[in-house]
Protein chains: 2
Amino acid sequence: MVQDSIQVLQAQGYKVTKPRRQVLEILDRAQRPLSPYDIQRLLRQQGKYLNHVTIYRILDLFYSLNLAHKLLSTGGFVKCTLPSEEGCHRFMVCHRCGAIQEFVDPQLCLQESKSTRNLGFHTEYHFSESSGLCSNCYRKQLQKQGNAQP
Amino acid sequence: MVQDSIQVLQAQGYKVTKPRRQVLEILDRAQRPLSPYDIQRLLRQQGKYLNHVTIYRILDLFYSLNLAHKLLSTGGFVKCTLPSEEGCHRFMVCHRCGAIQEFVDPQLCLQESKSTRNLGFHTEYHFSESSGLCSNCYRKQLQKQGNAQP
DNA sequence: AACTAAATGCAATAATGTTGCAATTAGCTC
DNA sequence: GAGCTAATTGCAACATTATTGCATTTAGTT
């Protein structure tokens, strides 16, 4: 929810400005990663204008407050959908429709840390993204294949 | 080794050109991710000149042949250090000295796939990078802390 | 309503990527 | 080793993305 993010801003002493609300709403509605310029374009379609510098700065802020994440594989930003930081946030990205889903998995974190420790590395954070098909696109794929082999 | 990559190029019917050799050598020597322009700068320091477009194209080729990987957290390219593709290649990145280490872990792949499958996702590939300290930097860190508390 | 620090807009610039086409070259054949 | 040709590179122009300093505006307060 947008409201939650607004409360975080207030709690941390940041102003709740119109541009910040607008970016929050855009991110909240979009179910895919957006670049700063994506956001600018989407806003323009609604007749709203934000300088791209402003958007960069807002995204930096959101990122630093963990209100948004930067997807590595696409480079775009997504609104964090998890209540609080319970460790490393992971993503699944559907390479067909672009849908994303955020999740945490403490077990995986442990395993990853163990695995890298064995190689002499002291891990502090994991970046993890899985690429594949969401259930919708997977079903469609199966149907298409099914029709192709009568 | 550079030689291995050259053999892959030949085996796939690609020409072994001077620019390709030069980029291979730069990547091989660098123990950190390099952007196309990084590579151009490094070559220039050796009195060699490559058009940046050429470097982009060479990196695209190397990437498509799995001779190089693109690190997501930094955006730079690194030469693949593993013999062949035995699944998803993972990276540890030292955020202090920039050193990287590549590894595979089939067990982790399995766990990740299972984890995402439980969420209705059909994973085909994992992007995984761990950020932390390499053993060298970790030791230095400990020493510094040790000195600070007499 | 007035005040002030924080935030935004603006302008200029830097850095990074991309495209089409002409010139060059690696690897082949003779 | 000379000549051939498709593959590769260089060039030029352009598009996109990102950064900086400073003037202007605004949210939250008094």
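Within every chain, numbering begins at 1; the chains are lettered A, B, ... in the order of the sequence lines, protein sequences first and strands thereafter.
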> Is the closest side-chain heavy-atom distance between B/Ile100 and B/Pro33 below 4.5 Å?
Replying inline: yes
> Do A/Ile39 and A/Val2 sit in the same hydrophobic cluster, where Ile, Leu, Val, Met, Phe, Trp and Tyr count as joined when their side-chain heavy atoms come under 4.5 Å apart?
Replying inline: yes
>> The criterion is ring pair (Phe, Tyr, Trp, His ring centres under 6.0 Å); which residues satisfy it with B/Phe77, sequence neighbours excluded?
In response: none
> Which atom pair, heavy atoms only, marks the closest approach of A/Cys94 to A/Cys137?
Replying inline: SG-SG, 3.7 Å
> How long is the span from the NZ atom in B/Lys70 to the OG atom in A/Ser73, to the nearest 0.5 Å?
Replying inline: 11.0 Å
> Can you tell me how far CG of A/Leu108 sits from CD of B/Glu112, rounded to the nearest 0.5 angstrom?
Replying inline: 5.5 Å
>> How many whole angstroms separate atom CZ of B/Arg20 from atom P of C/dG27?
In response: 9 Å
>> Listing request: all side-chain hydrogen bond (donor to acceptor under 3.5 Å, both in side chains) pairs with a residue in residues 94-104 of chain B, at least two apart in sequence or in separate chains.
In response: A/Glu124-B/His95, B/His69-B/Glu102, B/Thr81-B/Glu102, B/His89-B/Glu102
> Between atom NE2 of B/His122 and atom OH of A/Tyr138, what is the distance when rounded to the nearest 0.5 Å?
Replying inline: 5.0 Å
> Which residues, if any, of residues 49-65 of chain B bring a heavy atom under 4.0 Å of DNA chain C?
Replying inline: B/His52, B/Val53, B/Tyr56, B/Arg57
> How far apart are the closest heavy atoms of B/Ser131 and A/Phe127, and which atoms are they?
Replying inline: CB-CE1, 4.0 Å
>> Please report the end-to-end axis angle for the helix from C/dA1-D/dT30 to C/dC30-D/dG1, five pairs per end, rounded to 10 degrees.
In response: 30°
> With A/Phe103, which residues qualify under side chain to side chain contact (heavy atoms under 4.5 Å, CB included), at least two apart?
Replying inline: A/Arg90, A/Met92, A/Asp105, B/Ser115, B/Thr116, B/Leu119
Just distance, no hydrogens or angles: give the donor-acceptor pairs under 3.5 Å from side chains in residues 48-56 of chain A, sequence neighbours left out.
residue : atom : partner : partner atom : Å
A/Lys48 : NZ   : A/Gln46 : OE1          : 2.9
A/Asn51 : OD1  : A/Val53 : N            : 2.8
A/His52 : NE2  : A/Tyr37 : OH           : 3.4

> Linking I/L/V/M/F/W/Y whenever any side-chain heavy atoms sit under 4.5 Å apart, do B/Tyr63 and B/Phe91 land together?
Replying inline: no
> In residues 68-80 of chain A, what residues come within less than 4.0 Å of DNA chain C, judged by heavy atoms?
Replying inline: none
> Hey, can you pull the residues of residues 25-38 of chain B with a non-hydrogen atom under 4.0 angstrom from DNA chain D?
Replying inline: none
>> Please identify the 5'-most and 3'-most nucleotides of DNA chain D with any atom under 4.0 angstrom from a heavy atom of chain B.
In response: D/dA6 to D/dA12
> Of all of residues 6-19 of chain A, which get a heavy atom below 4.0 angstrom from DNA chain D, listed by number?
Replying inline: A/Lys15, A/Val16, A/Thr17
Please list, one pair per line, the donor and acceptor atoms closer than 3.5 Å that link side chains of residues 3-22 of chain B to other protein atoms, with sequence neighbours excluded.
residue : atom : partner : partner atom : Å
B/Thr17 : OG1  : B/Arg20 : N            : 3.3
B/Arg20 : NH1  : B/Lys15 : O            : 2.8

> Can you hop from B/Leu65 to B/Val78 via hydrophobic side chains spaced under 4.5 Å?
Replying inline: no
>> In the structure I gave you, are the side-chain heavy atoms of A/Leu27 and A/Leu59 within less than 4.5 Å of one another anywhere?
In response: yes
> Can you list the residues that meet the side chain to side chain contact (heavy atoms under 4.5 Å, CB included) rule with A/Asp38, with sequence neighbours excluded?
Replying inline: A/Leu34, A/Ser35, A/Arg41
>> Grouping I, L, V, M, F, W and Y whenever their side-chain heavy atoms are under 4.5 Å apart, do B/Ile26 and B/Phe62 come out in a common cluster?
In response: yes
